[in-house]
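Everything numeric here is computed off the predicted structure, so don't read it as measured data. For reference, positions follow the sequence shown, starting with 1. All values below were derived from every heavy atom in this structure, side-chain atoms included, with hydrogens, water molecules and symmetry-related copies excluded.
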Amino acid sequence: MAQNDGERRMVFDIRGRRRHVVKVVYAILAILMGASLFLVVGPVNIGEILGGSSASNSAEQFEDRAVSIEGELRKDPENADLLLALARQRIYAGNALVAISPETGEVQQTIESRQQLEQASSAWSKYLKATDKPAPNGAQVIAPALFSLAQTSTSGSELEANIGAAADAQQIVANNRPSLGSLSTLAIYRYFAFEYPAAAKVGVEAKKLASSKFERENLENQLEEVQKNARALEKQIDEYNKATKGQGKESLQNPLGGLSGPTSISP
């Protein structure tokens, strides 16, 4: 259940010997979540990112509803509608469990909010297996939540899996509702999933929908910056994996440790 704001724990602690790795990777992801998406698709409300629920809604309400849905699923475990509803409720609960930085006003993931997003991801995976026609409305909610989950991944492989899943969900949105916003967001997700050819192809499609030369050139510049940051992130993960190879499970626990930073889109 939800805790008071003062009791919420940040996902990771940046103290310790991995703090230098933390700072480099977090700086890249901060650019990813902040500048890249903001400049390409415009400002986005945090409620939209994490499911559209109001910050004033209590996590208990959404968790209780999720538990109720899980009870129904025990009788009908492959019910696609219930699985999608469960994913939504978990995202809403996660939204209610984030913390707000008193210094910057930025939204920060907590251990509790991340747990909710993990459960939402699990429900979404089951939903995809239960339906042949994933709902674009559902995908529009889950895609940014999965991308937010990637920020607090505990390994490079987990980060790639979360962003890849976010990209696949965003693909559903773009296929059903192609627009400059949906396609440019998909391109960003593909870049940070290290799927460079696919990202470049989507970027070309997005540019065709630009309404002016200025908008098209701005998009080109931003996608170039996104690709640059994605390659830097990929290199950082590779270097970390090489440096910690053979050092045991403990050393690999949090290659992105300390990543409790912003999930909001800000200029």
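Using a 4.0 Å cut-off between charged nitrogen and carboxylate oxygen, Glu72 and Arg65 count as a salt-bridge pair. Taking a cutoff of 4.0 Å between a charged side-chain nitrogen and a carboxylate oxygen, Arg190 and Glu205 do not qualify as a salt bridge.
Rounded to the nearest 0.5 Å, atoms OH (Tyr127) and OG (Ser122) are 15.0 Å apart. Taking CD from Gln109 and CG from Leu117, the interatomic distance works out to 5.0 Å, rounded to the nearest 0.5 Å. Taking NZ of Lys126 as the reference point, atom CG of Leu73 lies at 8.0 Å (rounded to 0.5 Å). For the atom pair Glu220 CD and Glu215 CD, the distance stands at 11.5 Å (nearest 0.5 Å). How far CD1 of Ile91 is from CZ of Phe62: 11.5 Å, rounded to the nearest 0.5 Å. Separation of atoms CG (Asp81) and CG (Leu86) is listed at 12.5 Å; rounding is to 0.5 Å.
Taking both residues in full, the closest heavy atoms of Ala187 and Ala199 are given as O-CB, 3.6 Å, listed atom of the first, atom of the second, then distance. Between Ser182 and Ala174, the shortest heavy-atom contact is OG-CA, 3.9 Å. Taking all atoms of both residues into account, the shortest heavy-atom contact from Leu84 to Ala135 is CD2-CB, 4.1 Å. When all heavy atoms are compared, the tightest approach of Asn95 to Val98 is O-CG2, 3.1 Å. The nearest pair of heavy atoms linking Leu223 to Ser184 is CD2-O, 4.5 Å. For the residue pair Pro144 and Ala139, the shortest heavy atom distance occurs at CD-O, 4.5 Å.
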- Item | Steps toward side chain to side chain contact (heavy atoms under 4.5 Å, CB included) verdict (Gln140, Thr185) | CA-CA 11 Å; Gln140 192 168 24; Thr185 300; over 6 Å; no
- Item | From CA spacing to verdict: side-chain hydrogen bond (donor to acceptor under 3.5 Å, both in side chains), Glu225, Asn221 | CA-CA 6 Å; Glu225 186 69 15; Asn221 292 335; over 6 Å; no
- Apply the test salt bridge (Lys or Arg N to Asp or Glu O under 4.0 Å) to residues Arg114 and Glu158: give CA-CA distance (whole Å), side-chain angles for both, the deciding distance (0.1 Å), then the verdict. CA-CA 14 Å; Arg114 189 180 198 278; Glu158 183 182 341; 2.7 Å; yes
- Message: One pair to check against side-chain hydrogen bond (donor to acceptor under 3.5 Å, both in side chains): Tyr196 and Glu234. What are the steps and the verdict?
- Response: CA-CA 11 Å; Tyr196 301 111; Glu234 184 178 31; 2.7 Å; yes
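Relative orientation of the Phe147 and Phe192 rings is perpendicular, given thresholds of 30° and 60° on the angle between their planes.
For Arg231 and Phe194, the positive end is not near the middle of the six-membered ring at less than 6.0 Å and at most 45° from its axis.
Annotation: Glu78, atom CD; neighbour count of heavy atoms from other residues, nucleotides and ligands within 6.0 Å does not exceed 12.
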